[in-house]
J.: 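The structure is given below, and queries will be raised subsequently.
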Amino acid sequence: MPSERLKEQIEAIVSELAGTEVPVRLERPRNPEHGDVATNVAMVLAGRLGRPPREVAEAIVERLDRSQAGLASVEIAGPGFINFRFAESVFQSQLASIVEADRAFGRSSSGAGRRVMVEFVSANPTGPLHVAHGRGAAIGDAIASLLEWTGHEVAREFYINDAGVQIDRLAESLEVRWRQRQGEAAELPEGGYMGEYLVDLAAEVEAEAGDKLRAMDPGARRQWLRDWGVRRLRSEQEEDLRVFRVVFDEWYPETRIYAENRIQDTLRELGERGLTYEADGALWLRTTTFGDDKDRVLVKGDGTYTYFTPDIAYHREKARRGFDLAIDVWGADHHGYVPRMKAALAALGLPDFLEVVIVQIVRVMRGGKEVRLSKRAGEIVTLRDLFEETGVDVARYFFLMRSAEAQMVFDLDLALDHSEKNPVYKVQYAHARMKSILRKAGVEPEEADPRTADLGLLTDPMEQALIKQLALFPEVVERAADARAPHMVCEYLEATAGMVNSWYHAGNPSRNPALAVLTEDEALRRARLVLTRGVSIVLRNGLELLGLTAPERMEREDAE
RNA sequence: GCGCCCGUAGCUCAGCUGGAUAGAGCGGCGGCCUUCUAAGCCGCGGGUCAUAGGUUCGAAUCCUAUCGGGCGCACCA
């Protein structure tokens, strides 16, 4: 990266001027007239040195070794910005390095040596996954991917809440449905699961083990239904997620926390640290010591644990399993739970171990009206309903294209639009077009080789702007990973695709054959094919990073 | 009542640790098809950045207050 070298040089100059280390930030000006990169360091330094910003800027510029940094021009502008423009050769060599890196372009090792667990979805195994889970699934998976691209060692994990009262209710509800099937007048329990899916599952139960269940005593039958229901629903979730292209390294059951006595270990450790106490017949944790609003109950008056307790033990296990950082992706309705969980981990001596990404709610709109996500004939209820209608690529992209912390509207009409109005297709189309040009040129991608092309021939402003845009990709990945913000990659891909489509159309042979990739001029054609390949590499890497496909060609529906 | 998120163009949203005339997509309006696939492209219009103060050379961005929307405030999970 040429800007890296420049940054180091400026840092050296500036720390000499100031007499101390001064961090330098190079930014990309919005306005291209302000150069390729710019810095405000002279303004930052002006106050400290007691000199006018422009004078400080002069001093910095005087000391610069332009050729060493690959600079074509440097100017001081406005209140004291320094604007830099790189030599064209710098961008030409960047295009060459994009093509050479190919699938590795955009990857870095900045996170090397860091083991991170991303835990997401973690839906209760009491029913099918809903639309809201889909957003968490897409975002969690993309964050994990971003961390992998930046060199972290990443594990994706799903925590199965297969213990606790919600599972008792599942077992009861399933039993009621099974008995109703046999004509008994059974009523769903308070807080039972009313979904129709349990009626279907009851039919499966009957087919699989009806006679056996009738012969069992009630306790054994309940236990059997409980195990069967959890297993069945869990595997249905796993299958839905697999089709949605989200694959977990581990499905970690809550019952394992109990089976391995982790709760006792955790309570003992908290007790030894003097952070628990008994009051009103319950055992409490002093979470207020670590920033929570009130202390929390660990063991209820009846001797059972709150939901919190096994969850603390589970997060303690994450650290014990060797992870340096745990990132949890939670729904907005759990945000109030964040301070207490962080407090509990701080109590265990793990103050910075947990990072929580809160994913806000999704509203689905069709025809300008909100789709009620309750069960109603023909309306979308589950994640599977949604992606079966839109396709997996579209559903994933729509979930990812907005920042997680903002509520989002899922516009089904736009999602179902197969034109380039749909941002997913816009990006995929741009990719397919590059592939189409390569096919038309009759070359394999590897034959578009920067070593046998003169990239100096790419002098058109559109081409140069495009090369600069492609070169930004690694920085975008880096920032998106740091910010746990996959939507930044979407923004970048859409902007890139827009430029690609303009370039492609400008070179439409019927309009301006001089700009066409497949031009008569053999040398120019070779150079443009390298750019074509570079574009396809960046778009493909970006799409695949987000878990989307990069199609070789787009299906064309015959227009009427 | 307290806490968290949000309030930017008609709609949906970007705006990176404050930076140079506030951006994109959709919708609207006007052009452009014997195509490296027009499922498109080019251009135009459109904003008191919720409001009021404050900090700063500089605020959509930071601070305070107010208003509006969402969510959460259990010995539920």
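In the text below, chain A, chain B and the rest are named by the order of the sequence lines, each starting its count at 1.
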J.: Expressed as a whole number of Å, how far does the P atom of B:rU17 sit from that of B:rG7?
T.: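 Result for the P pair: 15 Å, nearest Å.
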
J.: Hey, does A:Ile437 reach any base, or is it just sugar-phosphate, or nothing, if we go heavy atoms under 4.0 Å?
T.: base

J.: Output the single nucleotide from B:rA20, B:rC75, B:rC5 whose closest atom is nearest the side chain of A:Glu405.
T.: B:rC5

J.: If I pick the P atom on B:rG15 and the same atom on B:rC33, what distance separates them, to the nearest angstrom?
T.: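 These two P atoms come out 39 Å apart once rounded.
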
J.: For B:rC29 versus B:rC67, give the span between their P atoms, rounded off to a whole number of Å.
T.: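 Nearest-Å result for B:rC29 against B:rC67 at atom P: 41 Å.
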
J.: Check whether any side-chain heavy atom of A:Val530 lies under 4.5 Å from a side-chain heavy atom of A:Asp449, and answer yes or no.
T.: no

J.: Could you check A:Trp503 against A:Ser419 and say which one's nearest nucleotide on RNA chain B is further toward the 5' end?
T.: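 Final value for this comparison: A:Trp503.
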
J.: Can you tell me how far apart CD1 (A:Ile257) and CD (A:Glu254) are? Round to the nearest 0.5 Å.
T.: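 Rounded to the nearest 0.5 Å, the CD1-CD separation comes to 8.0 Å.
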
J.: RNA chain B: A:Ala516 or A:Lys421, which has the more 5' nearest nucleotide?
T.: A:Lys421

J.: In whole angstrom, give me the gap between the C1' atoms of B:rC49 and B:rG68.
T.: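 Their C1' atoms lie roughly 16 Å apart.
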
J.: Whole-Å distance between B:rC4 P and A:His335 NE2?
T.: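 Whole-Å distance recorded here is 9 Å.
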
J.: Rounded to the nearest angstrom, tell me the gap between atom CG in A:Asp411 and atom P in B:rG27.
T.: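 Between P of B:rG27 and CG of A:Asp411: 10 Å.
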
J.: Salt bridge between A:Asp168 and A:Arg226, side-chain N to carboxylate O under 4.0 Å?
T.: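 Salt bridge between A:Asp168 and A:Arg226, a charged N being under 4.0 Å from a carboxylate O: yes.
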
J.: Is there side-chain contact between A:Tyr337 and A:Val356, with at least one heavy-atom pair below 4.5 Å?
T.: no

J.: A:Lys300 has a side chain; which of B:rC41, B:rC76, B:rA14 sits nearest to it?
T.: B:rC76

J.: Under 3.5 Å between N/O atoms: give me all the protein pairs with nucleotides 58-62 of chain B, atom names plus distance.
T.:
none

J.: For A:Arg484 and A:Glu355, run salt bridge (charged side-chain N to carboxylate O under 4.0 Å, His left out): C-alpha distance rounded to whole Å, both residues' side-chain angles, the deciding distance at 0.1 Å, then the answer.
T.: CA-CA 10 Å; A:Arg484 325 293 187 220; A:Glu355 201 180 297; 2.5 Å; yes

J.: If the P atom of B:rU66 is compared with that of B:rG58, how far apart are they to the nearest Å?
T.: 27 Å

J.: Assess whether a salt bridge exists between A:Arg28 and A:Glu475, defined as any Lys/Arg side-chain N lying under 4.0 Å from an Asp/Glu carboxylate O.
T.: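 Judged by the 4.0 Å cut-off on N to carboxylate O distance, A:Arg28 and A:Glu475 do form a salt bridge.
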
J.: Would you mind telling me which of B:rC75, B:rU12, B:rU17 lies closest to the side-chain atoms of A:Arg25?
T.: B:rU17

J.: Name the stems that RNA chain B belongs to, where each is three or more consecutive Watson-Crick or G-U pairs with both distances under 3.5 Å?
T.: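 Stems found: B:1-7 with B:67-73, B:10-13 with B:23-26, B:28-32 with B:40-44, B:50-54 with B:62-66.
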
J.: When you get a sec, tell me which of B:rG19, B:rC41, B:rU17 is the closest nucleotide to the side chain of A:Ser502?
T.: B:rC41

J.: Can you tell me which nucleotide in B:rA20, B:rA77, B:rC75 comes closest to the side chain of A:Ala282?
T.: B:rC75

J.: Evaluate the ring planes of A:Tyr159 and A:Tyr314, with Trp represented by its six-membered ring, and classify them as parallel (under 30°), tilted (30 to 60°) or perpendicular (over 60°).
T.: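 A:Tyr159 vs A:Tyr314 ring planes: parallel.
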
J.: Using atom C1' in both nucleotides, what's the gap between B:rA77 and B:rC62 to the nearest angstrom?
T.: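 The same atom, C1', in both gives a distance of 38 Å.
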
J.: Do A:Asn83 and B:rA20 have a side chain to base donor-acceptor pair shorter than 3.5 Å?
T.: yes

J.: A:Arg51 CZ to B:rC57 P: how many Å, rounded?
T.: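 Spelled out: CZ on A:Arg51 to P on B:rC57 is 19 Å.
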
J.: Taking the C1' atom of each, how far is B:rG28 from B:rA65, in whole Å?
T.: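 My reading of the C1' atoms in B:rG28 and B:rA65 gives 39 Å.
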
J.: Whole angstroms only, please: what is the CD-P distance between A:Glu491 and B:rA22?
T.: 19 Å

J.: Out of B:rA77, B:rG70, B:rU12, which nucleotide sits closest to the side chain of A:Asn124?
T.: B:rA77

J.: From B:rA20, B:rC13, B:rC75, pick the nucleotide closest to the side chain of A:Ala38?
T.: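 The answer is B:rA20, which lies nearest to the side chain.
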
J.: Give me the one residue out of A:Val517, A:Leu457, A:Val443, A:Leu518 that meets side chain to side chain contact (heavy atoms under 4.5 Å, CB included) with A:Arg525.
T.: A:Leu518

J.: Mind checking the P distance from B:rC63 to B:rC71? Whole angstroms is fine.
T.: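 After rounding to an integer number of Å, I get 25 Å for this pair.
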
